[in-house]
Enquirer: 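First the structure, which I've put down as structure tokens, then a few questions once you've had a look.
This one's a predicted model, so the numbers in the text were calculated from it and none came from an experiment. What's counted below: heavy atoms across the whole structure, side chains too, no hydrogens, waters or symmetry copies. Indexing begins at 1, ligand by ligand and atom by atom, following the structure's order.
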Amino acid sequence: MSGSRDINQNRQLNAPYRGENYRQMTPEQAAAESRRRAEARMAEQRRRLADDMRRRKAEKQRKRVITGAITVFAALALIIIVTVIAVSMALKSKNNTGVPVDVTTLDPFAPNIETDADGNVILPDLGDIIEETDVTADIPAEIPENPIDEVTEAVTEPPAETTWENYTFNFKADLSIYEEYMNPQGDEYLTLINSTHTLDKNYVPDDLVDIIDTRKDGRATQQIRLYAAKSLEAFLTEARAQGFDDISVTSGYRDYNYQSQLFNARLLQYSYLGDEKAYAAASQIVAVPGTSEHQSGLCCDMHNLPAADVSFADTPAGQWMAANCHKFGFIIRFPADKIEITGITFEPWHFRYVGRYHACKMYERGLCLEEYWASLGRA
Ligand SMILES: [Zn+2]
């Protein structure tokens, strides 16, 4: 019996757990076997639980390490960013305190950077531009793209032209068609001709025209330059409208040779005084050739007497002409109170055309042509 029990026990131990085995056991054996199996299950459960806990613990540790690493990295990054900002701000504040900066490295594409002789960059002076901007506006006024060029242009720009005073007068006659001739812009007709400012003996004006008011006594039709002739027409048209209808022109343009003839005739007249005195006497009455305004084509002699005489200044016609000639662009070239300056005796019949602007200036200031030239800084 004991032999079969041993065999049974051996079979029991080696056999896999199967329900039929219990049926071969005694109730005590089955109970023990059940306890054993329950304990094994519990042990297995405890082992799994422990494994699970270890796994959880390891996972937790791993997460903690990763989180720590991320935190450290973020902190490092923050420190770097803060440091960069701090350094750049420190550099900026340094620039503002006047430490020289190489502008070319700040903006290599900046246009037209100018340097001085030492190679230092010349920064534009924006003072004027800033002054012009409206500081109350939200949006700043547009600043020119290239302030350096703007400033340079402003400096090199020629000064504004001197204002040309426009003299206008009311006339009895309609002289509107003569306005442009009486009032030329510029100083083309301001030429000074006297003993020190002579004309070349070959000078002949190229715009001589006939004077329609040449005295009708058989003499040749006199001529003067176009602008002077048109202004003279206006002058005598207005004179007639004012009641002075007998004024006529006795002499206009004279060429060099004709002036020489006039002068030589006077020389002959005074030759009894001797050469030197004869020349002096002749030159006081007739301009030395080359020094006569009549060669310029810008003057004429006109009056209402049989022959030119200073008494013309006392006639109503002579007085009206003296008081109004500037309105037509003429001056009395040799006034009674300027003989010392002009070197020529008083000639109330000799009218010189210069244009209205200059004539008005001389009339207002009481200057003869020599004085007016000096006032303009001309030699
Ligand atoms: Zn004259």
Enquirer: What class does the angle between the rings of Tyr363 and His326 fall in, given that below 30° is parallel, 30 to 60° is tilted and above 60° is perpendicular?
Expert: parallel
Enquirer: Check whether any N, O or S atom of Cys299, backbone or side chain, sits closer than 2.8 Å to the Zn ion (ligand 1).
Expert: no
Enquirer: Restricting to N, O or S atoms of His350, which is nearest to the Zn ion (ligand 1)?
Expert: ND1
Enquirer: In Asp301, which N, O or S atom comes closest to the Zn ion (ligand 1)?
Expert: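 Per the distance ranking, Asp301 contributes OD1 as its closest N/O/S atom to the Zn ion (ligand 1).
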Enquirer: I'd like to know if Glu44 pairs up with Arg48 as an ion pair, taking the criterion as any Lys NZ or Arg NE/NH1/NH2 lying under 4.0 Å from an Asp or Glu carboxylate oxygen.
Expert: yes
Enquirer: Quick check on Asp275: does its CG atom have over 12 non-hydrogen neighbours (other residues, nucleotides or ligands) under 6.0 Å away?
Expert: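 Not buried by this count: 12 neighbours or fewer within 6.0 Å.
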Enquirer: Among Phe169, Phe171, Phe351, Tyr178, find the one that has a ring-ring contact (aromatic ring centres under 6.0 Å, His included) with Phe328.
Expert: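 Of Phe169, Phe171, Phe351, Tyr178, ring-ring contact (aromatic ring centres under 6.0 Å, His included) with Phe328 is met by Phe171 alone.
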